[in-house]
Amino acid sequence: MPEGHTLHRLARNVDRRFRRAVVAAASPQGRFAAGAQRLDGTRLVGARAHGKHLLVRFAPPDAPPPLRRRPAGASVDGEQTLHVHLGLYGTFVLGAGEPPPVRGALRLRLVGVPEEAAGDEAAPWGDLRGPTACELLEPGEVEALEARLGPDPLQPDPAGAGRAAFVARTGASRSAVGGLLMRQDLVAGIGNVYRAEALFRAGVHPEVPGRSVGDAVLGGMWDDLVVLMRSGVRTGRIVTTEPEHRTGPGPGARGRAGGRAGWRDVAHYVYRRQGLPCRVCGTPVETAVMVGRNVFWCPVCQPS
DNA sequence: CATAAATGGCTAT
DNA sequence: TAGCCCTTTATGG
């Protein structure tokens with residue numbers, strides 16, 4: 001579900017399935033009817049993600065296809081950008097072939113219109129439900145949106161500028177690092193699971209002020225997030241435990257009648273494991289509300 | 001049935 | 001900090 005890795009994975013899949021396709025767009029629920037009408041019949045030219053935001057560009061169907069791929073984000077006249085934010089529980093389900101029957105609150109359905117020459121390739125479809133944001137943006141609005149997002153561990157950072165900015169800005173703050181990690185202007189794409197798990201793996205208590213963490217540890221956390229989130233994009237799951245720590249019951253095992261533990265039961269060190277023994281030292285995991293969300297930590301592995 | 005919770009974020013006060 | 005929005009799923013009566 002939707003932290004940054006979900007959106008990058010989604011952007012990749014939308015791009016793969018829909019790029020260059022003319023789409024039919026509809027909003028059966030009615031909340032995005034006007035936008036769907038504007039998208040209907042346009043051609044999808046590319047999809048990408050920044051943090052938890054999905055950005056999909058559409059061009060008029062008769063626009064000449066670009067000879068070369070433009071730089072990500074570059075936009076030309078007549079193009080519109082669909083901005084999607086899934087929020088807590090939004091989903092964007094993709095498939096190919098016959099779309100499923102419309103059911104529930106379907107905000108937007110995109111269906112690829114088969115080209116004359118495409119033969120019998122199954123047309124792609126996508127169903128969006130429950131998003132926090134689903135809107136069409138002008139190029140300037142896309143720019144404004146991205147201007148307030150910090151560096152994204154899932155975006156290429158060859159010169160290390162994103163990493164350096166994260167370390168400098170987080171390391172300058174007197175606020176608790178557990179709150180800072182949720183700020184999308186400091187680092188884009190981190191959510192409640194990656195926050196708790198990255199802090200555990202770094203051995204940092206969530207209440208420690210950003211300026212007390214230390215640049216080396218902050219830099220290490222960034223590098224760790226790059227690894228964890230790339231893995232999340234590949235697998236579609238957040239798994240932060242090392243193989244040797246994937247034992248014992250997890251949150252999902254409670255009340256389950258003796259069934260084998262699923263991947264969720266061993267995927268995390270502390271997230272939603274309050275009261276359960278720490279996978280490393282056995283101390284009960286603690287929890288508290290921080291910036292309106294539940295945080296989890298091991299009081300021994302993450303000393304305050 | 002009703003209610004709560006969930007990997008989020010905006011606005012008002 | 002509180003309230004609100006969006007939707008689905010799990011749980012309780």
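Quick note: numbers below take in every heavy atom, side chains included, and nothing from hydrogens, waters or symmetry partners. Note on naming: letters A, B, ... go to the chains in the order of the sequence lines (proteins, then strands), and numbering restarts at 1 for each one.
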Inter-nucleotide [atom1] distance ([N], [M]), Å rounded:
| N | M | atom1 | value |
| --- | --- | --- | --- |
| B/dT7 | C/dT1 | C1' | 22 Å |
| C/dG13 | B/dA5 | P | 14 Å |
| B/dT13 | C/dC5 | P | 15 Å |

OP1, OP2 of [N] versus side-chain N and O of [X]: anything below 4.0 Å?
| X | N | value |
| --- | --- | --- |
| A/Arg148 | B/dC10 | yes |
| A/Tyr194 | B/dT7 | no |
| A/Arg272 | B/dA6 | yes |
| A/Lys52 | B/dT7 | no |
| A/Asn294 | B/dA6 | yes |
| A/Arg31 | C/dT7 | yes |

* Asked: Once the angle between the rings of A/His5 and A/Tyr194 is folded into 0 to 90°, is it parallel (under 30°), tilted (30 to 60°) or perpendicular (over 60°)?
  -> perpendicular
* Asked: Should the ring pair A/His53 and A/His83 be called parallel, tilted or perpendicular, given that the plane angle runs from 0 to 90° and is split at 30 and 60?
  -> parallel
Round to a whole Å and report the spacing from [atom1] of [X] to [atom2] of [N].
| X | N | atom1 | atom2 | value |
| --- | --- | --- | --- | --- |
| A/Leu149 | B/dG8 | CG | P | 14 Å |
| A/Ile238 | B/dA6 | CD1 | P | 15 Å |
| A/Leu88 | B/dA6 | CG | C1' | 5 Å |
| A/Arg195 | B/dG9 | CZ | P | 11 Å |
| A/Asp185 | B/dG9 | CG | P | 11 Å |
| A/His85 | B/dT7 | NE2 | C1' | 11 Å |
| A/Phe32 | C/dC5 | CZ | P | 21 Å |
| A/Leu54 | B/dG8 | CG | P | 16 Å |

* Taking everything shown except A/Glu143 itself, do over 12 heavy atoms lie less than 6.0 Å from its CD? ->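 12 or below, so no.
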* **Criterion salt bridge (charged side-chain N to carboxylate O under 4.0 Å, His left out) against A/Arg163, the qualifying member of A/Asp157, A/Asp223, A/Asp152** =>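 Testing A/Arg163 for a salt bridge (charged side-chain N to carboxylate O under 4.0 Å, His left out) against A/Asp157, A/Asp223, A/Asp152 leaves exactly one candidate, A/Asp223.
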* Full working for side-chain hydrogen bond (donor to acceptor under 3.5 Å, both in side chains) between A/Arg246 and A/Thr241 -> CA-CA 6 Å; A/Arg246 291 176 198 151; A/Thr241 46; 3.0 Å; yes
* Would you classify A/Arg293 as touching base, sugar-phosphate or nothing, given that sugar-phosphate means primed atoms plus P, OP1 and OP2, and contacts are heavy atoms under 4.0 Å? =>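 Base, at least one base atom sits under 4.0 Å.
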